[in-house]
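Chain letters run A, B, ... following the sequence lines, proteins first, then strands; residues in each count from 1.
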Number of protein chains: 2
Amino acid sequence: MEEGPIRRKEVAKLAGVSEATVSRVLNGVGPIREETRKRVLEAAEQLNYVPSALAQQFARKKSGNLGVIIPFVPKVHLFSTYYFSEILSGIGVTAKKEGYDMLLMFLSPEEKRNYSRLFRMQKVDACIMLGTQDGEEERQALRELLQEEHPFCLVNQRFEGEAFPTIEADHVSGSYAATAHLIGQGCDRIAFLNGPLTYSNSADRYDGYRRALADNGISVNQDILFTGNYSRKSGYIAAPEIAGAIKDQRIDAVFAANDRMALGLLQGLREHGIEPGRDAALIGYDDSEEARYTDPQLSSVSVPFYEMGAAAVSKLIGQEKPAIIDTETGFNVEKLPVRLIPRASSLRYKPN
Amino acid sequence: MEEGPIRRKEVAKLAGVSEATVSRVLNGVGPIREETRKRVLEAAEQLNYVPSALAQQFARKKSGNLGVIIPFVPKVHLFSTYYFSEILSGIGVTAKKEGYDMLLMFLSPEEKRNYSRLFRMQKVDACIMLGTQDGEEERQALRELLQEEHPFCLVNQRFEGEAFPTIEADHVSGSYAATAHLIGQGCDRIAFLNGPLTYSNSADRYDGYRRALADNGISVNQDILFTGNYSRKSGYIAAPEIAGAIKDQRIDAVFAANDRMALGLLQGLREHGIEPGRDAALIGYDDSEEARYTDPQLSSVSVPFYEMGAAAVSKLIGQEKPAIIDTETGFNVEKLPVRLIPRASSLRYKPN
DNA sequence: ACCACTAATGTACACGCGTACATTTTCGCA
DNA sequence: TGCGAAAATGTACGCGTGTACATTAGTGGT
């Protein structure tokens, strides 16, 4: 007798109304007599009725899903878990508030980008891309989205010359502040350990670094520019060379483009007899959790990752604040502020 | 003319076949003449047809989603991101391989547990719960799932007396190994900083600790048992008292139930003039990334979180290996092995 | 050439909801 | 009391697939 799950029809019968009325009551649509509403709700309650999300989505032509795409290589931790988990949290909490579910999709680097298909399959109503890198295939895939007018948003990565919706932080200012801070501590031979230029982040960091030096009459010294890949290991690998230069007094401070590289560097420097914070100032970027717990504590630049994730969702779902558009280029230019967090690794440093 | 997305009907018309044939070709169902298949595929290709996942899900009565539930408090990082991101990776990669999408759901602690509703709404076909804690409401919600025969799986948490499907690691052995290792280093006053007993993990850790002591003729000293909440801060907070006991020579080693507490403790001990690895041996648990980068490097117990996530998915989706059932209790008892990772924080230690 | 059987394809409908439109009820007001 | 308008409810159908069943085409054996 008791066959399968309860459906709208049974609720309608029990309440003595039509299916449409049940639907209207449950969706709060149209005028309903109070007594009818109560009868329907009671019937639904009594039968423990739960509408089928599948049927709803189909009827509404909306999945109710917010896609989140994360680049991923199993067991290889190129990215900071801090970085992603903060952004993801911001996305998740905000999406939930807006009544959306979060569809998480890992994307391996060699996998073909076909974001458009995701939308056309109606798996997601909107999509956020994390950790994208500049490249022709990526640009193509994103251009397609733009052209087909699918709602998407990049986080913390800009594609120069494209009008992709993006949530960014002001890394030029952040890097400027970090560099200026080091200069303020008396340093004038500031090495820069940057990440790959496929990330707009890297270009921005360099820009801020360069400007801060220029504003203080210091010229960029190509010999003390280094490149890693944002991994801890790459910081560690850069250590020997940087340690040598510190000993030769060709470097008196290091600005690392993220904390992970800074931490690898910190460890590596120490193994080469350099005491960070004493023999050379050190500052990282991201203000990850670990920065507070190293010895010496690591100066850094705090980036509102959580808020960036939340902002990306609001931009896509909520229709609160319209984007800030650059009148010249027509591009969206809002950037969340970052904040310098000076700690022991760059304070009380006396250059030789 | 070009109205909305391409549908099956148009593909059928272009290929000169019925809609059913298109469906059969695309799903690889039933016998199809090779020439027909080619015509259909070409038509689909030419029209750039993509089936509606919404309609497919509705027709199949399957969402194709694997739910993942994570306890969450915005901006409060009670849990290790390492822990979750590892498990999540294992889940994501395996689910993808099985053709499932991952529906990530944050659950705030005060939120009412209603996992059953999730299934009855057909939002997910199966579900994995992470970070659950023992408690009556949780048990009730899970019992409901069991009774309604929804496929779900817990990871790294056991509910004593319940037959919930679970993927666990052998933390009794791991803790035994950690404690025995400390004893092997010559320690016999081993403090234990455990987590809350709402986690079966904590009980298992204590069990292993206790057994290792017993097997070596050492009795448990209640005075050197401490409780934190697995956060770094709680380790830090326990530091003063533990530092005092070390100075009094009432403690010569500390086993912390996870790395985060061990790291907080490490920092705190040092601030109280105790040098971990010299004045007292220290070992953590989880073998998180940071363990390799502390000074001294932190001994720990490696837990295959990634594999646990993958195993949970296989258990739910793949039908490869049947569960290992305890013939007595009827409960599932498979536990993945863990591995002791001795490092400087507990090696070459000479007790006084 | 005929039959029996299988392969290949078509026809028809269910799935459970949202909602446009039709219909009935209610209600204010003359 | 009657009447028009608004409120409340019902009827009917579309959404795009998967698939059971009906139908037709093909094949091999006699």
**Message:** Expressed as a whole number of angstroms, how long is the span from Lys9(A):NZ to dA12(D):P?
**Reply:** 14 Å
**Message:** Quick check for you: among dG18(D), dG18(C), dG16(D), whose closest atom lies nearest to any side-chain atom of Ser52(B)?
**Reply:** dG16(D)
**Prompt:** OP1, OP2 of dG16(C) versus side-chain N and O of Gln56(A): anything below 4.0 Å?
**Reply:** no
**Prompt:** Ion pair present between Glu34(B) and Lys38(B), side-chain N to carboxylate O less than 4.0 angstrom?
**Reply:** no
**Asked** Taking CD from Glu35(B) and P from dA7(C), how many angstroms apart are they, rounded to a whole number?
**Response** 19 Å
**Complete:** Rounded to whole Å, the NZ-C1' distance (Lys62(B) to dT17(D)) equals 16 Å
Protein and nucleotides 9-15 of chain C: nitrogen or oxygen contacts under 3.5 angstrom:
residue, atom, partner, partner atom, Å
dT9(C), OP1, Thr36(B), OG1, 2.1
dT9(C), OP2, Arg33(B), N, 2.9
dG10(C), OP1, Ser18(B), N, 3.4
dG10(C), OP2, Ser18(B), N, 2.7
dG10(C), OP2, Ser18(B), OG, 2.9
dG10(C), OP2, Thr21(B), OG1, 2.6
dG10(C), N7, Arg24(B), NH2, 2.6
dG10(C), O6, Arg24(B), NH1, 3.1
dC15(C), O3', Lys61(B), NZ, 3.3

**Asked** Of the options Glu137(A), Glu138(A), Gln140(A), which is the one that meets Arg113(A) in a side-chain hydrogen bond (donor to acceptor under 3.5 Å, both in side chains)?
**Response** Glu138(A)
**Request:** Could you tell me the separation between the CD atom of Gln122(A) and the C1' atom of dC17(C), rounded to a whole number of Å?
**Result:** 15 Å
**Message:** Surrounding CD of Glu136(B) (heavy atoms of other residues, nucleotides or ligands, distance under 6.0 Å), is the total greater than 12?
**Reply:** yes
**Asked** Going from CG on Asn114(A) to CD on Glu144(A), what distance comes out if it is rounded to the nearest 0.5 angstrom?
**Response** 6.0 Å
**Message:** For a side-chain contact (heavy atoms from CB on, under 4.5 Å) check, start with the C-alpha distance between Arg120(B) and Glu148(B), then their side-chain angles and the critical distance, and finish with the verdict.
**Reply:** CA-CA 10 Å; Arg120(B) 288 184 300 149; Glu148(B) 295 174 4; 4.1 Å; yes
**Request:** Mind checking the CZ-OH spacing from Phe152(B) to Tyr115(B)? Nearest 0.5 Å is all I need.
**Result:** 10.0 Å
**Asked** What is the distance from CG of Leu26(B) to C1' of dT19(D), rounded to the nearest Å?
**Response** 15 Å
**Fill in**
Only residue of Val68(B), Ile69(B), Ile91(B) satisfying side-chain contact (heavy atoms from CB on, under 4.5 Å) with Leu104(B) is Val68(B)
**Message:** Please tell me if Tyr49(A) has a side-chain N or O lying less than 4.0 Å from either OP1 or OP2 of dG16(C).
**Reply:** no
**Prompt:** What is the distance from NZ of Lys38(B) to C1' of dA8(C), rounded to the nearest Å?
**Reply:** 18 Å
**Length of the CZ-P vector between Arg39(A) and dA8(D), whole Å** = 14 Å
**Request:** Remember a base hit wins even if backbone is also touched, and classify Ser23(A) as base, sugar-phosphate or nothing at under 4.0 Å, heavy atoms.
**Result:** base
